[in-house]
Number of protein chains: 2
Amino acid sequence: MSMIGTMDVGEPLSLHQRILSDISERILSGTWAPGHRIPFEHELTAEYKCSRMTVNKALSQLAKAGLIERRRRTGSFVRRPQSQAAVLEIHDIRIEVEALGLPYRYERVARHKRRSGAEDRALLELDSNGPVLALECRHFAGQRPFAHERRLINLAAVAEAASEEFFAVAPGPWLIARVPWSAAEHRIRAVAADRNIAAALDIEAGAPCLVVERRTWSAEHPVTHVRFTYAAESHTLVARFTPSQG
Amino acid sequence: MSMIGTMDVGEPLSLHQRILSDISERILSGTWAPGHRIPFEHELTAEYKCSRMTVNKALSQLAKAGLIERRRRTGSFVRRPQSQAAVLEIHDIRIEVEALGLPYRYERVARHKRRSGAEDRALLELDSNGPVLALECRHFAGQRPFAHERRLINLAAVAEAASEEFFAVAPGPWLIARVPWSAAEHRIRAVAADRNIAAALDIEAGAPCLVVERRTWSAEHPVTHVRFTYAAESHTLVARFTPSQG
DNA sequence: GCGGCGATTATGTATATACATATTGAAACA
DNA sequence: TGTTTCAATATGTATATACATAATCGCCGC
């Protein structure tokens with residue numbers, strides 16, 4: 001008689017999820033090392049007394065999550081992750097400031113509409129020299145400047161932006177509400193504050209800053225490029241990784 | 001970069017995947033705006049002339065990916081993402097250096113075994129005052145220092161580390177090969193180089209640096225805490241987001 | 001030996017079916 | 001009018017079944 005008798009002591013997990021967490025537990029705890037062949041579907045079917053479909057669903061999910069690799073005719077094997085991947089959450093600045101318990105304030109510093117120059121096209125990864133909107137803003141946490149924002153919006157992709165002054169609403173939330181983004185790329189680095197940034201953030205020139213640049217596409221079209229600069233003390237990005245398992 | 005929505009004519013998509021990409025396409029293109037109720041399973045069943053199970057599998061996957069929200073009795077709705085989430089890939093430093101086309105070199109600076117102090121316990125999120133291994137290393141790209149590493153290893157979780165000198169192999173890959181990690185947390189920020197870091201990275205004190213701190217757990221036990229410090233010019237983190245779609 | 005060719009086997013995908021569960025809306029009732 | 005109850009409905013989960021596909025093994029003939 002095998003080990004089936006484990007009565008659900010607590011929350012009612014679906015069978016499918018129990019199989020899933022059982023197996024990932026065994027993998028993550030090292031009981032099944034990388035390369036180890038995990039039981040065949042029909043064996044798990046016997047172990048959990050369920051149909052192959054249920055086992056298959058769980059194993060397929062583990063495969064999609066990258067924990068195991070499935071090979072026809074030979075079975076499923078524990079994979080070693082190639083590179084650590086972590087989920088970086090990037091919230092709206094207002095949310096971040098309010099999470100600190102400080103009052104948020106937004107300020108539009110400058111706004112220019114222009115035909116895109118070489119630099120604009122490089123930043124947006126734009127082909128044509130269509131019109132862009134260039135914005136400069138500041139975000140405050142209480143009295144202190146929290147972040148400086150420098151943004152380009154591709155007016156070919158978001159025509160409505162041309163008639164928005166961005167006095168009251170920050171371009172980030174404005175865009176999010178209007179343009180569904182399909183892809184984004186972030187670049188994160190440290191820089192020394194130049195005179196412009198130093199003045200905007202009320203810090204000394206040369207002080208370390210965290211820069212987050214984001215490029216966003218919507219259905220293949222470049223939408224916006226934005227560079228946020230934070231004074232070093234004011235901001236930490238957090239990224240977490242926990243393997244799949246819903 | 002590869003984007004969704006690119007119609008791959010030619011390869012045989014499974015029905016399940018066709019439904020999946022059809023729907024995410026309609027969501028991401030804005031055809032179905034946030035809040036929009038997408039067709040009921042039985043309607044999609046008719047549209048794609050397939051069983052409810054197939055439709056259900058696709059919709060469940062979209063729900064797990066966060067693109068839609070499913071509510072019993074009322075239907076499935078297009079969700080607005082609350083926060084942008086991006087996948088941050090964190091490679092081994094050797095890989096990063098070699099990707100730059102530069103020769104990689106590793107140097108162990110210091111190694112101390114000790115009973116964990118208050119600071120160690122805070123960094124590792126450790127309860128007891130068990131033994132830890134403290135390491136300091138440098139990673140070189142060509143002639144120049146590329147990163148400074150300061151690491152704590154919880155010897156209660158990884159006893160073998162006590163007998164490893166880490167002269168030849170860097171602790172990162174050594175751990176990866178031995179300890180399956182089940183969770184990790186990254187904190188990214190900018191700092192000014194202190195005297196120690198400045199000397200280690202051969203930069204001036206006060207120069208901006210990018211700091212990546214990572215805490216790793218294996219099956220609930222803290223394994224290691226590591227702080228990588230990069231000179232500002234030398235390193236940029238890249239994070240991408242492309243909505244699910246398997 | 002050695003190369004090709006089925007048979008076997010494990011996974012991949014899809015189907016029809018069944019029942020569980022949560023939620024809504026309306027009917028029944030106090 | 002307010003509350004309780006109940007049936008309708010959409011999703012959640014599981015089953016048995018079927019056939020497709022890919023990879024491996026072993027047999028066979030040369």
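Below, chains carry the letters A, B, ... as their sequence lines are ordered, and counting in each starts from 1.
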Rounded to whole angstroms, how far apart are [atom1] on [X] and [atom2] on [N]?
{"X": "A:L62", "N": "C:dT11", "atom1": "CG", "atom2": "C1'", "answer": "15 Å"}
{"X": "A:E41", "N": "C:dG12", "atom1": "CD", "atom2": "P", "answer": "7 Å"}
{"X": "B:H42", "N": "D:dG12", "atom1": "NE2", "atom2": "C1'", "answer": "17 Å"}
{"X": "A:N56", "N": "D:dT21", "atom1": "CG", "atom2": "P", "answer": "17 Å"}
{"X": "B:I68", "N": "D:dT11", "atom1": "CD1", "atom2": "C1'", "answer": "11 Å"}
{"X": "B:I38", "N": "D:dT11", "atom1": "CD1", "atom2": "C1'", "answer": "12 Å"}
{"X": "B:L20", "N": "C:dT13", "atom1": "CG", "atom2": "C1'", "answer": "14 Å"}
{"X": "B:K64", "N": "D:dT13", "atom1": "NZ", "atom2": "C1'", "answer": "16 Å"}

**Message:** If the cut-off is 4.0 Å, is A:T54 near the phosphate of D:dT13, judged by side-chain N/O to OP1 or OP2?
**Reply:** no

**Message:** Categorize A:L59 for me: base, sugar-phosphate, or nothing, with a 4.0 angstrom heavy-atom threshold over every strand shown.
**Reply:** nothing

Is [Y] paired with [X] through a side-chain N to carboxylate O contact shorter than 4.0 Å?
{"X": "B:R79", "Y": "B:E69", "value": "no"}
{"X": "B:E213", "Y": "B:R187", "value": "no"}
{"X": "A:E164", "Y": "A:R108", "value": "no"}

**Request:** Produce a footprint string for nucleotides 19-24 of chain C: one letter per nucleotide, 5' end first; B if the base is under 4.0 Å from any protein heavy atom, S if only the sugar-phosphate is, - if neither.
**Result:** --BSBB

**Asked** Between B:M53 and B:K57, who's closer to the 5' end of DNA chain C by nearest nucleotide?
**Response**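 Upstream on the strand: B:K57.
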
**Request:** Tell me which of A:S51 and B:S76 sits closer to the 5' end of DNA chain D, going by the nucleotide each one is nearest to.
**Result:**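 Whichever sits nearer the 5' end wins; that is B:S76.
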
**Prompt:** Where each residue is assigned the nucleotide of DNA chain D containing its nearest heavy atom, which of B:R70 and A:V55 is assigned the position nearer the 5′ end?
**Reply:**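 Upstream on the strand: B:R70.
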
**Closest to side chain of A:C50, choosing from D:dT13, C:dG12, D:dT15** = D:dT15

**Nearest listed nucleotide, side chain of B:H16, among C:dT11, C:dA14, D:dG12** = C:dA14

**Request:** Not counting sequence neighbours, which residues clear side chain to side chain donor-acceptor pair (under 3.5 Å) with A:W32? List them please.
**Result:** none

**Prompt:** Can A:R105 be said to sit on top of A:F140's aromatic six-ring, NZ or CZ under 6.0 Å from centre and within 45° of the ring axis?
**Reply:**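 Geometry flag: set, cation within 6.0 Å and 45°.
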
**Message:** Could you check whether B:R71 makes a cation-pi contact with B:F77, meaning its NZ or CZ is under 6.0 Å from the centre of the six-membered ring and within 45° of the ring axis?
**Reply:**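 That pair qualifies as a cation-pi contact.
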
**Request:** Identify which one of A:F228, A:Y230, A:Y104, A:Y106 satisfies the ring pair (Phe, Tyr, Trp, His ring centres under 6.0 Å) criterion when paired with A:F146.
**Result:** A:Y230

